[in-house]
Amino acid sequence: MTFAERAVAIDAGLRAYMLSVYNYMAIAVALTGVVAWFTFNAAVTTDAASGRLVLTSIGQTLYGGPMMIVLLLGTLGLVFFISFRIQHLQYTTALTLFMVYAALLGAALSSIFLTYTGASITRVFFISAASFGALSLYGYTTKRDLSPIGSFLIMGLFGIILASLVNIFLKSSGLDWAISVIGVGVFAGLTAWDTQRIKEMYDINDDGTVAGRKAVMGALSLYLDFINLFLMLLRLVGDRR
């Protein structure tokens with residue numbers, strides 16, 4: 001194989017690999033949205049007399065007790081399991097677990113419909129999608145090495161997590177606003193950085209199983225970037241009920 005033929009093969013393989021990453025991510029985001037919407041409709045009804053939202057028995061179980069904490073811990077445990085065991089999982093198993101995670105997270109995120117209006121959730125979703133697309137495209141096409149900012153962004157991510165835990169007890173609106181603003185910047189940067197990192201993970205010599213695992217992990221990384229970017233923007237500009 002000549003150099004030109006190898007370059008063409010690498011380019012075609014890279015496009016197919018990245019297309020798989022984006023397709024898996026898009027399916028997971030769509031699954032999360034559908035599950036969130038159906039869960040909300042099963043958990044909440046509208047009182048005919050007052051027009052206010054009222055929890056059904058499912059809603060009381062999901063939102064009014066420890067079930068939400070169990071669900072959040074379950075999703076957290078599942079994403080860690082996928083991340084740490086990816087090298088030992090079959091490609092199809094990893095993809096199935098990723099979709100299960102997306103569905104469970106959709107059930108957990110259904111509570112945002114209680115806090116924010118449907119119109120503002122839709123608006124922020126499209127803003128997030130457009131922003132994510134532009135940032136990911138930058139990460140894919142830029143010749144600049146983004147790896148130096150990676151450690152800085154990871155530190156920022158841990159800072160956001162710690163500040164969010166502290167604010168559970170402080171309940172400071174100012175700190176919450178600061179977390180949201182910083183969070184938008186961090187997850188915007190992570191979107192571009194992760195895209196470049198995922199692109200560089202591609203190897204023309206990978207077999208189908210290895211390439212599939214890489215595609216699933218890449219999709220999971222970008223999925224988490226998108227979901228968190230969406231949630232941070234929703235906290236900043238979403239219209240509360």
Side-chain angles (χ1 to χ4, degrees), residues 1-33 75-76 78-103 105 128-158 184-230:
M1 181 182 293
T2 66
F3 176 80
E5 290 173 334
R6 181 176 175 80
V8 170
I10 291 174
D11 190 53
L14 178 60
R15 283 200 302 269
Y17 163 72
M18 292 301 296
L19 186 61
S20 296
V21 171
Y22 286 121
N23 282 342
Y24 296 153
M25 179 223 160
I27 293 170
V29 169
L31 181 60
T32 298
T75 55
L76 185 62
L78 186 55
V79 78
F80 276 118
F81 176 82
I82 297 171
S83 300
F84 288 116
R85 295 291 298 174
I86 187 64
Q87 299 300 329
H88 305 282
L89 296 174
Q90 291 294 323
Y91 150 64
T92 52
T93 303
L95 182 59
T96 300
L97 289 175
F98 176 28
M99 295 304 157
V100 170
Y101 168 74
L105 190 61
S128 302
S131 302
F132 175 89
L135 291 161
S136 188
L137 179 63
Y138 171 76
Y140 183 82
T141 58
T142 184
K143 302 300 182 182
R144 178 185 176 187
D145 181 13
L146 300 179
S147 57
I149 70 171
S151 57
F152 175 77
L153 292 170
I154 296 299
M155 289 174 58
L157 176 60
F158 281 111
V184 168
V186 167
F187 288 109
L190 283 173
T191 297
W193 177 65
D194 277 331
T195 301
Q196 186 178 80
R197 181 178 57 84
I198 293 164
K199 177 184 176 182
E200 292 174 349
M201 284 167 54
Y202 173 74
D203 188 336
I204 193 174
N205 297 313
D206 286 340
D207 59 24
T209 298
V210 174
R213 289 171 180 162
K214 288 183 178 179
V216 171
M217 280 307 301
L220 177 59
S221 297
L222 292 181
Y223 169 86
L224 291 172
D225 292 338
F226 175 80
I227 292 296
N228 282 289
L229 179 63
F230 165 71

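None of these values were measured; they are calculated from a predicted model. Along the sequence shown, residues are numbered consecutively beginning with 1.
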Euclidean distance, [Y] [atom2] relative to [X] [atom1], rounded to 0.5 Å:
X      : Y      : atom1 : atom2 : result
Arg213 : Leu95  : CZ    : CG    : 13.0 Å
Leu14  : Glu200 : CG    : CD    : 10.5 Å
Asn228 : Thr191 : CG    : OG1   : 9.5 Å
Phe187 : Leu153 : CZ    : CG    : 10.0 Å
Ser20  : Tyr202 : OG    : OH    : 10.5 Å

Exercise for review: Pick out which of Tyr138, Phe226, Phe230 makes a ring pair (Phe, Tyr, Trp, His ring centres under 6.0 Å) with Phe132.
Suggested key: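 Considering Tyr138, Phe226, Phe230, a ring pair (Phe, Tyr, Trp, His ring centres under 6.0 Å) with Phe132 is found only for Phe226.
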Check your understanding: Does the side chain of Val79 reach to within under 4.5 Å of the side chain of Leu224, using non-hydrogen atoms?
Key ->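 The answer is yes; the side chains approach within 4.5 Å.
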Check your understanding: Any side-chain heavy atom of Leu78 sitting closer than 4.5 Å to one from Phe98?
Key ->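 SC-SC contact between Leu78 and Phe98 ruled out.
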Exercise for review: May I ask you to decide if the ring planes of Tyr223 and Tyr101 are parallel, tilted or perpendicular, using 30° and 60° as cut-offs?
Suggested key: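 Tyr223 vs Tyr101 ring planes: perpendicular.
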On a heavy-atom basis, which atom in [X] and which in [Y] lie closest, and how many Å separate them?
X      : Y      : answer
Ile149 : Leu146 : CG1-O, 2.9 Å
Ala102 : Ala28  : CB-O, 3.6 Å
Lys199 : Tyr140 : NZ-O, 2.8 Å
Ala188 : Leu229 : N-CD1, 4.3 Å
Ser136 : Tyr22  : OG-OH, 2.5 Å
Tyr24  : Ala215 : CE1-CB, 3.9 Å

Point to revise | Residues Met217, Ile198; criterion side chain to side chain contact (heavy atoms under 4.5 Å, CB included); working and verdict | key: CA-CA 9 Å; Met217 280 307 301; Ile198 293 164; over 6 Å; no
Exercise for review: Apply the test side chain to side chain contact (heavy atoms under 4.5 Å, CB included) to residues Val21 and Met25: give CA-CA distance (whole Å), side-chain angles for both, the deciding distance (0.1 Å), then the verdict.
Suggested key: CA-CA 6 Å; Val21 171; Met25 179 223 160; 5.5 Å; no
Point to revise | side-chain contact (heavy atoms from CB on, under 4.5 Å) partner of Leu222, chosen from Val29, Leu190, Thr195 | key: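 The option that passes is Thr195.
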Practice item. Scan Asn205, Val210, Asp203 and name whichever one has a side-chain contact (heavy atoms from CB on, under 4.5 Å) with Asp207. Key: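 Of the listed options, the one satisfying the test is Val210.
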Check your understanding: Can you check side chain to side chain contact (heavy atoms under 4.5 Å, CB included) on Leu220 and Ser83, steps first, answer last?
Key -> CA-CA 9 Å; Leu220 177 59; Ser83 300; 4.2 Å; yes
Point to revise | Side-chain donor or acceptor of Thr141 paired with backbone N/O of Leu137 under 3.5 Å | key: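 Here the side-chain-to-backbone pair exists.
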Practice item. Verify, without hydrogens or angle tests, whether Thr209 (side chain) and Tyr91 (backbone) share a donor-acceptor contact under 3.5 angstrom. Key: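 Flag not set: sc Thr209 to bb Tyr91 has no pair under 3.5 Å.
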Point to revise | Partner residues of Arg197 under the side-chain contact (heavy atoms from CB on, under 4.5 Å) criterion, sequence neighbours left out | key: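 side-chain contact (heavy atoms from CB on, under 4.5 Å) list for Arg197, sorted by chain: Trp193, Asp194, Met201, Ser221.
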